[in-house]
Amino acid sequence: MMKPIRLAMSLATCSQATFVPASFVPAIFVPAILVIATFALVILAFPTPVFGAGNGGQEMPPKGSVSEADGLKAWQRIEAVVTHPRCSNCHVGADNIPMWSGPSFDRPRPHGMNVNAGVSRIGVGTLLCSTCHMTSTEPNDVPHAPPHVGLPWQLAPVEFAWFGKSGAEICQQLKDPARNGGRDALGLIEHLRDDASHHGFVLWGWNPGGNREPVPGTLEVHIADVGLWGAAGQPCPPN
């Protein structure tokens with residue numbers, strides 16, 4: 001009788017492996033098949049850890065595994081993002097007035113046309129932000145046109161107000177759940193990922209279009225830095 005040889009399919013369909021008579025498989029291929037099968041078992045038994053997306057939510061190194069000095073270096077890069085005009089102009093206080101600042105302006109100034117987003121932070125009762133800032137995932141490729149994202153345009157929650165604050169002040173704010181929407185470092189990362197998944201304001205910061213200056217680095221680098229900062233205990237520079 002012919003003895004069957006079990007041939008491994010792809011990892012995705014290994015549960016549907018096929019039995020093939022041994023005489024149908026040239027002897028020269030048998031060692032190769034055994035090597036491939038062994039290699040697949042090794043991969044399954046020893047998965048490679050990945051820091052970042054696609055690792056079952058593992059977005060941070062273990063707490064305490066990053067030194068305070070490296071955590072402060074990570075914060076410096078985070079600070080360069082959150083204080084950039086693409087990020088800070090809509091992170092304003094309870095006056096609900098967005099700002100215009102950056103290389104295109106000689107000085108920071110309130111948003112033109114007397115815009116006030118009101119307590120709703122979207123312009124209810126005054127002038128809706130969506131009057132000019134439509135919701136769209138299309139590229140922002142028209143210079144001087146009102147930018148748009150995949151979420152309704154609005155100011156950041158007032159808990160996230162930091163326009164005009166120092167980096168040390170923003171650091172203390174972002175590590176304080178009472179002033180950051182109830183988030184720890186991992187919660188901040190989840191916020192970034194969720195907003196980006198909707199083509200929201202976070203992702204727009206790196207792809208603002210219209211000849212606007214983007215925030216430095218990339219989203220993935222920023223998320224990694226938040227993870228390093230969190231693993232180091234969220235250290236902050238002195239005031």
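Remark: Thr131 OG1 to Met113 CE distance equals 10.5 Å, nearest 0.5 Å. In this structure, CG on Asn116 lies 11.0 Å from NE2 on His111, to the nearest 0.5 angstrom. Here the straight-line distance linking atom CZ of Phe163 with atom CG of Leu155 works out to 12.0 Å at 0.5 Å rounding. Interatomic distance, Lys73 NZ to Ser67 OG, rounded to the nearest 0.5 Å: 7.5 Å. Atom NE2 of His199 is separated from atom CH2 of Trp204 by 16.0 Å, given to the nearest 0.5 angstrom. The CG atom of Asp184 lies 5.5 Å from the NZ atom of Lys63; values are rounded to the nearest 0.5 Å.
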*Step by step, work out the side-chain contact (heavy atoms from CB on, under 4.5 Å) result for Met99 and Val92.*
CA-CA 8 Å; Met99 298 297 292; Val92 296; 3.8 Å; yes
*Could you check Ser88 against Thr83 for side-chain contact (heavy atoms from CB on, under 4.5 Å), going step by step and ending with a plain yes or no?*
CA-CA 5 Å; Ser88 64; Thr83 59; 5.5 Å; no
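Side-chain atoms of Asp176 never come within 3.5 Å of backbone atoms of Leu174 as a donor-acceptor pair (strictly under, hydrogens ignored). Checking side-chain atoms of Trp206 against main-chain N and O of Gly217 turns up a donor-acceptor pair under 3.5 Å. In this structure, His91 contributes its side chain and Phe160 its backbone to a donor-acceptor pair below 3.5 Å. The backbone N or O of Pro235 sits less than 3.5 Å from a side-chain atom of Trp229, completing a donor-acceptor pair. Under the 3.5 Å distance criterion, the side-chain polar atoms of Asp195 are matched with a main-chain donor or acceptor of Phe201. Of the possible polar contacts, one joining the Asn89 side chain to the Pro85 backbone as a donor-acceptor pair under 3.5 Å is found. Using modelled atom types, one side-chain atom of Arg86 and one backbone atom of Glu213 make a donor-acceptor pair closer than 3.5 Å.
The side-chain heavy atoms of Pro208 and Asn140, taken from C-beta on, include no pair separated by under 4.5 Å. The shortest distance between side-chain heavy atoms of Thr135 and Ser130 does not fall below 4.5 Å. Contact annotation: the side chain of Val158 approaches that of Arg121 to within less than 4.5 Å [non-hydrogen atoms, C-beta and beyond]. Within the 4.5 Å cutoff, no side-chain heavy atoms of Val215 are placed close to those of His222.
Grouping the Ile, Leu, Val, Met, Phe, Trp and Tyr side chains by contacts below 4.5 angstrom, directly or via other members, places Leu188 apart from Leu151. In the hydrophobic clustering of this structure, Ile170 groups with Val81; members are Ile, Leu, Val, Met, Phe, Trp, Tyr whose side-chain heavy atoms approach within less than 4.5 Å, directly or through other members. Leu219 and Val149 end up in different hydrophobic clusters when Ile, Leu, Val, Met, Phe, Trp and Tyr side chains are linked at under 4.5 Å. A chain of hydrophobic side-chain contacts below 4.5 Å, direct or via other Ile, Leu, Val, Met, Phe, Trp or Tyr residues, connects Trp162 to Val202. Grouping the Ile, Leu, Val, Met, Phe, Trp and Tyr side chains by contacts below 4.5 angstrom, directly or via other members, places Leu186 with Ile223.
No more than 12 heavy atoms of other residues, nucleotides or ligands shown are found within 6.0 angstrom of CD on Glu68. Within a 6.0 Å sphere centred on CG of Asn114, other residues, nucleotides and ligands contribute 12 heavy atoms or fewer.
Closest heavy-atom contact between Met60 and Gly230: CE-C, 3.6 Å. When all heavy atoms of Pro62 and Ala231 are compared, the pair lying nearest together is O-CB, 3.6 Å. When all heavy atoms of Gln154 and Pro152 are compared, the closest pair comes out as NE2-O, 3.2 Å. When all heavy atoms are compared, the tightest approach of Trp75 to Gly167 is CZ2-O, 3.2 Å. Heavy-atom minimum distance, Ala168 versus Asn239: CB-OD1, 3.3 Å.
Scored by the disulfide (SG to SG under 2.5 Å) test, Cys90 finds no partners at all (sequence neighbours excluded). In this structure Glu190 satisfies the side chain to side chain donor-acceptor pair (under 3.5 Å) test with no other residue, sequence neighbours excluded. Scanning for side chain to side chain donor-acceptor pair (under 3.5 Å) contacts around Gln173 gives Lys165, with sequence neighbours left out. Cys171 meets the disulfide (SG to SG under 2.5 Å) test with Cys236; sequence neighbours excluded. Residues satisfying the side chain to side chain contact (heavy atoms under 4.5 Å, CB included) criterion with Val221, sequence neighbours excluded, are Thr218, Asp225.
Other members of the cluster containing Leu128 are Ile122, Val124, with ILVMFWY side chains joined at under 4.5 Å, either directly or via other members.
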